[in-house]
Amino acid sequence: MSLKDIMAADVDDIFLDRDENAEDHIVDGQTVLCSIDQVSTRERSDRQSEQYDGIFKAVALLSVKESALGYRPVYGQAITVDDVLYMVIECVVDSGLLIVRLEANES
């Protein structure tokens, strides 16, 4: 068994283990096994001219297999996760696992 095979097995057995840290979520209308971590919620902007009362920015990390999602998200793309509209800020691939940083407005 090669290192690539071991790492691919780790994606399913460790990172996307349904009993530990992954669940089914609806991403762009399809149910996929993934992990979503809410990283933070903070004021929308640090600039006084861009601040709006009651609007905050929610940041989340979505970890999902590219094969399960069927595409690789790109910067600026809109993605709906569990009926919440997010914008893709960054998407990196690590051993077959997509790690997507998402932002959404919250009030």
Side-chain angles (χ1 to χ4, degrees):
M1 188 176 229
S2 71
L3 178 60
K4 281 188 173 184
D5 294 333
I6 293 170
M7 291 172 67
D10 282 350
V11 168
D12 292 323
D13 297 339
I14 296 172
F15 297 110
L16 295 178
D17 181 5
R18 193 178 298 275
D19 295 329
E20 294 295 326
N21 56 347
E23 313 178 306
D24 286 329
H25 291 275
I26 299 173
V27 179
D28 282 343
Q30 61 181 339
T31 302
V32 295
L33 180 65
C34 59
S35 173
I36 299 177
D37 296 318
Q38 297 295 331
V39 178
S40 67
T41 301
R42 64 183 180 97
E43 286 189 34
R44 184 75 190 138
S45 175
D46 294 331
R47 294 184 192 169
Q48 186 65 32
S49 63
E50 294 180 4
Q51 289 185 357
Y52 303 96
D53 287 337
I55 297 178
F56 300 91
K57 177 172 56 175
V59 179
L61 290 177
L62 170 69
S63 301
V64 62
K65 286 178 71 170
E66 185 173 9
S67 60
L69 196 55
Y71 64 92
R72 185 178 297 177
V74 295
Y75 174 80
Q77 178 180 349
I79 289 183
T80 303
V81 180
D82 297 330
D83 295 325
V84 177
L85 180 64
Y86 289 95
M87 296 299 287
V88 175
I89 302 304
E90 179 181 36
C91 179
V92 295
V93 181
D94 188 8
S95 302
L97 188 68
L98 294 175
I99 302 169
V100 186
R101 187 165 65 107
L102 303 167
E103 289 184 357
N105 289 331
E106 287 190 349
S107 57

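Every value quoted in this text rests on a predicted model; they were computed, and no experiment measured them.
- Hydrophobic clustering (side-chain heavy atoms under 4.5 Å, transitive across Ile, Leu, Val, Met, Phe, Trp, Tyr) groups Tyr71 together with Val32.
- Interatomic distance, Leu62 CG to Tyr86 OH, rounded to the nearest 0.5 Å: 9.0 Å.
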List the steps and the verdict of side chain to side chain contact (heavy atoms under 4.5 Å, CB included) for Val27 and Val64. CA-CA 10 Å; Val27 179; Val64 62; over 6 Å; no
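- Separation of atoms CZ (Arg101) and OH (Tyr75) is listed at 9.0 Å; rounding is to 0.5 Å.
- Taken to the nearest 0.5 Å, the CG atom of Leu85 stands 9.0 Å off from the CG atom of Asn105.
- For the side-chain contact (heavy atoms from CB on, under 4.5 Å) test, residues two or more places apart in sequence or in another chain that qualify with Glu23 are His25.
- Minimum interatomic distance between Cys34 and Ser63 (heavy atoms only, all atoms of both residues): CB-O, 3.1 Å.
- By the criterion of side-chain heavy atoms lying less than 4.5 angstrom apart, applied directly or through intervening Ile, Leu, Val, Met, Phe, Trp or Tyr residues, Leu33 is grouped together with Leu97 in one hydrophobic cluster.
- Applying the side-chain contact (heavy atoms from CB on, under 4.5 Å) criterion to Thr31, with sequence neighbours excluded, gives Asp24, Ile26.
- Taking OG of Ser67 as the start and CG of Leu98 as the end, the distance is 9.0 Å to the nearest 0.5 Å.
- Linking ILVMFWY side-chain heavy atoms closer than 4.5 Å, directly or via other members, places Val100 and Val81 in a single hydrophobic cluster.
- Here the CG-CG distance, from Leu102 to Leu61, works out to 7.5 Å after rounding to the nearest 0.5 Å.
- To the nearest 0.5 Å, the span separating SG on Cys91 from CG on Leu69 amounts to 8.5 Å.
- Residues passing the side-chain contact (heavy atoms from CB on, under 4.5 Å) test with Val74 are Gln77, sequence neighbours excluded.
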